[in-house]
A.B. asks: 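Have a look at the structure that comes next, please.
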Amino acid sequence: MSNRYDTIVIGGGQTGLTVGHELAERGQRFLIIDASERIGDTWRRRWDSLVLFTPAGLDGLPGMPFPSPRPDRFVTKDEVADYLEKYAEAMELPVLSATRVERLSHDGNSFQVETDRDVFLSDNVVVAMANYQQPKVPDFAAELSPEVRQVHSHVYRSPSSLQPGPALVVGMGNSGAEIGLELARERETYVSGKPFAVVPFHIDTWFGRKIGVKMVRFMATKVLTTSTPMGRLVRPKMLGKSAPLVRVKPKDLVAAGAERVPRVVGARDGMPLLADGRTLDVANVVWCTGYRPGFDWIDLPVFEEDGRPRHRRGVVEEQPGLYFCGLFFQHALWSETLPGMPRDARYVVDHLVAAGQPSRVFH
């Protein structure tokens with residue numbers, strides 16, 4: 001059957017492409033299915049000024065270094081998108097783009113991957129997607145005045161995404177800090193919330209580029225893992241939390257003119273209500289409040305109550321042949337990043353092949 005494969009990979013971002021590379025190296029007949037029109041579109045759709053926290057020398061995928069005249073240069077999100085597109089071409093990976101998976105199930109013999117084009121069958125499925133699927137905003141957002149423009153960081157592109165007037169940025173993860181800094185440079189800006197943690201140096205300095213980032217990488221890929229006592233202690237506390245602030249520090253926001261305010265707890269008279277009882281008269285609210293897992297299209301009983309998949313390093317033991325890759329803290333703190341994810345991809349594919357699934361050369 002032309003629609004049957006050894007393995008189907010759902011998601012054609014950096015994780016799906018890396019899993020595909022590992023499958024090709026092991027002779028699997030596989031297909032990568034991605035909803036975007038072009039490889040790399042997930043990166044292209046992020047806000048315009050986004051720059052990675054890791055330098056080019058750490059951002060390459062297996063078999064192809066990241067092209068850059070300087071390995072210590074921090075690259076833009078559009079450069080990442082273009083690199084992924086070239087990577088798929090160079091590795092000759094079979095990607096079916098512009099195809100949305102609508103349902104994943106198992107009939108007792110094979111996985112059935114139902115898309116908006118066709119139905120595909122496979123012995124294995126690797127869901128190569130992050131936890132960050134559905135933008136999350138608080139319920140009281142609906143109580144804000146219709147005159148307040150509300151956008152989630154998922155759709156924010158630049159200050160021109162907003163209407164004139166003051167802005168409130170809700171959330172102090174990396175997206176909130178970076179968008180808050182960008183807005184503070186050109187308008188009255190409030191930033192609500194407290195960071196989970198802050199990296200104690202500036203990554204754009206010589207020390208940060210040459211030494212600091214490598215130190216953080218060692219901690220985030222070798223020390224804080226499910227294989228170490230420290231990693232197992234920290235992981236439950238970090239799930240559901242925002243990552244430590246990396247480039248923009250709280251003091252940078254204040255220096256740029258942003259006012260830090262307490263947590264937003266509701267709405268009063270159509271305006272955001274703060275935990276200290278104040279309301280803010282703003283024209284815009286940018287919700288940098290994270291995402292919910294969006295795996296409701298997977299019709300298999302493999303999830304916790306909060307929507308997170310049950311797995312061990314990406315292996316779903318209660319559903320043989322099903323794997324996840326690219327999840328936050330899947331095995332290590334940096335499991336969803338370009339430098340950290342390839343190890344998880346290798347582990348998942350090694351397990352898949354060792355489980356005794358068919359292994360035929362892909363032509």
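Everything quoted here is computed from the prediction, not taken from an experiment.
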A.B. asks: Applying salt bridge (Lys or Arg N to Asp or Glu O under 4.0 Å) to Asp123 and Arg4, what does each step give before you reach the verdict?
C.D. replies: CA-CA 8 Å; Asp123 299 307; Arg4 174 175 277 282; 3.5 Å; yes
A.B. asks: Do the side chains of His202 and Asp252 get nearer than 4.5 Å, heavy atoms only?
C.D. replies: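 They are in contact (side-chain heavy atoms under 4.5 Å apart), so the answer is yes.
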A.B. asks: Has the side chain of Arg70 got a donor or acceptor atom that lies under 3.5 Å from a matching backbone atom of Gly57?
C.D. replies: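 Checking the backbone N and O of Gly57 against the side chain of Arg70, no donor-acceptor pair under 3.5 Å is found.
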A.B. asks: Could you walk me through whether Arg343 and Thr221 pass the side chain to side chain donor-acceptor pair (under 3.5 Å) check?
C.D. replies: CA-CA 9 Å; Arg343 180 171 58 171; Thr221 60; 5.1 Å; no
A.B. asks: Less than 4.5 Å apart, any side-chain heavy atom of Asn124 and any of Phe30?
C.D. replies: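 Sidechains of Phe30 and Asn124: no contact.
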A.B. asks: His154 versus Tyr291: any side-chain heavy-atom pair under 4.5 Å?
C.D. replies: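 The answer is yes, as the side chains (C-beta and beyond) meet within the 4.5 Å cut-off.
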A.B. asks: Could you tell me if the side chain of Arg247 sits less than 4.5 Å from the side chain of Val199, heavy atoms only?
C.D. replies: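 No, their side chains stay 4.5 Å or more apart.
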A.B. asks: Could you check if a side-chain atom of Asn284 sits within less than 4.5 angstrom of a side-chain atom of Arg187, using non-hydrogen atoms only?
C.D. replies: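 A side-chain contact exists here, since the closest heavy-atom pair is under 4.5 Å.
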A.B. asks: So do Val119 and Asn3 actually touch side chain to side chain, heavy atoms under 4.5 Å?
C.D. replies: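 Asn3 does not reach Val119 side chain to side chain.
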A.B. asks: Does some side-chain heavy atom of His21 sit less than 4.5 Å from a side-chain heavy atom of Pro342?
C.D. replies: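 A side-chain contact is absent here, since even the closest heavy-atom pair is not under 4.5 Å.
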A.B. asks: Can we call the ring centroids of Tyr347 and His331 under 6.0 Å apart?
C.D. replies: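 So the answer is no for these two rings.
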A.B. asks: Test side-chain contact (heavy atoms from CB on, under 4.5 Å) on Leu322 and His311; report intermediate values, then the result.
C.D. replies: CA-CA 10 Å; Leu322 179 62; His311 67 91; over 6 Å; no
A.B. asks: Quick one: side chains of residues 96-104, donor-acceptor pairs under 3.5 Å with protein atoms, not counting sequence neighbours, listed by atom name and distance.
C.D. replies:
residue	atom	partner	partner atom	Å
Thr99	OG1	Ser97	O	2.9
Thr99	OG1	Arg117	NE	3.1
Arg103	NE	Asp299	OD2	3.3
Arg103	NH1	Ser105	OG	3.3
Arg103	NH1	Glu114	OE2	2.8
Arg103	NH2	Asp299	OD2	2.7

A.B. asks: Going by the ring pair (Phe, Tyr, Trp, His ring centres under 6.0 Å) test, which pairs reach into residues 39-59, not counting sequence neighbours?
C.D. replies: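 Not a single pair qualifies under ring pair (Phe, Tyr, Trp, His ring centres under 6.0 Å).
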A.B. asks: Is the closest side-chain heavy-atom distance between Arg38 and Arg44 below 4.5 Å?
C.D. replies: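 Of all side-chain heavy-atom pairs linking Arg44 with Arg38, at least one is under 4.5 Å.
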A.B. asks: The test is side-chain contact (heavy atoms from CB on, under 4.5 Å); show your working for Thr54 and Ile203 and say whether it passes.
C.D. replies: CA-CA 9 Å; Thr54 50; Ile203 64 171; over 6 Å; no
A.B. asks: Quick check: does any side chain N or O of Ser36 sit under 3.5 Å from a backbone N or O of Ile39, one acting as donor and the other as acceptor?
C.D. replies: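 No.
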A.B. asks: Rounded to the nearest 0.5 Å, how far apart are CG of Leu17 and CG of Asp34?
C.D. replies: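 With rounding to 0.5 Å, CG (Leu17) is 8.0 Å from CG (Asp34).
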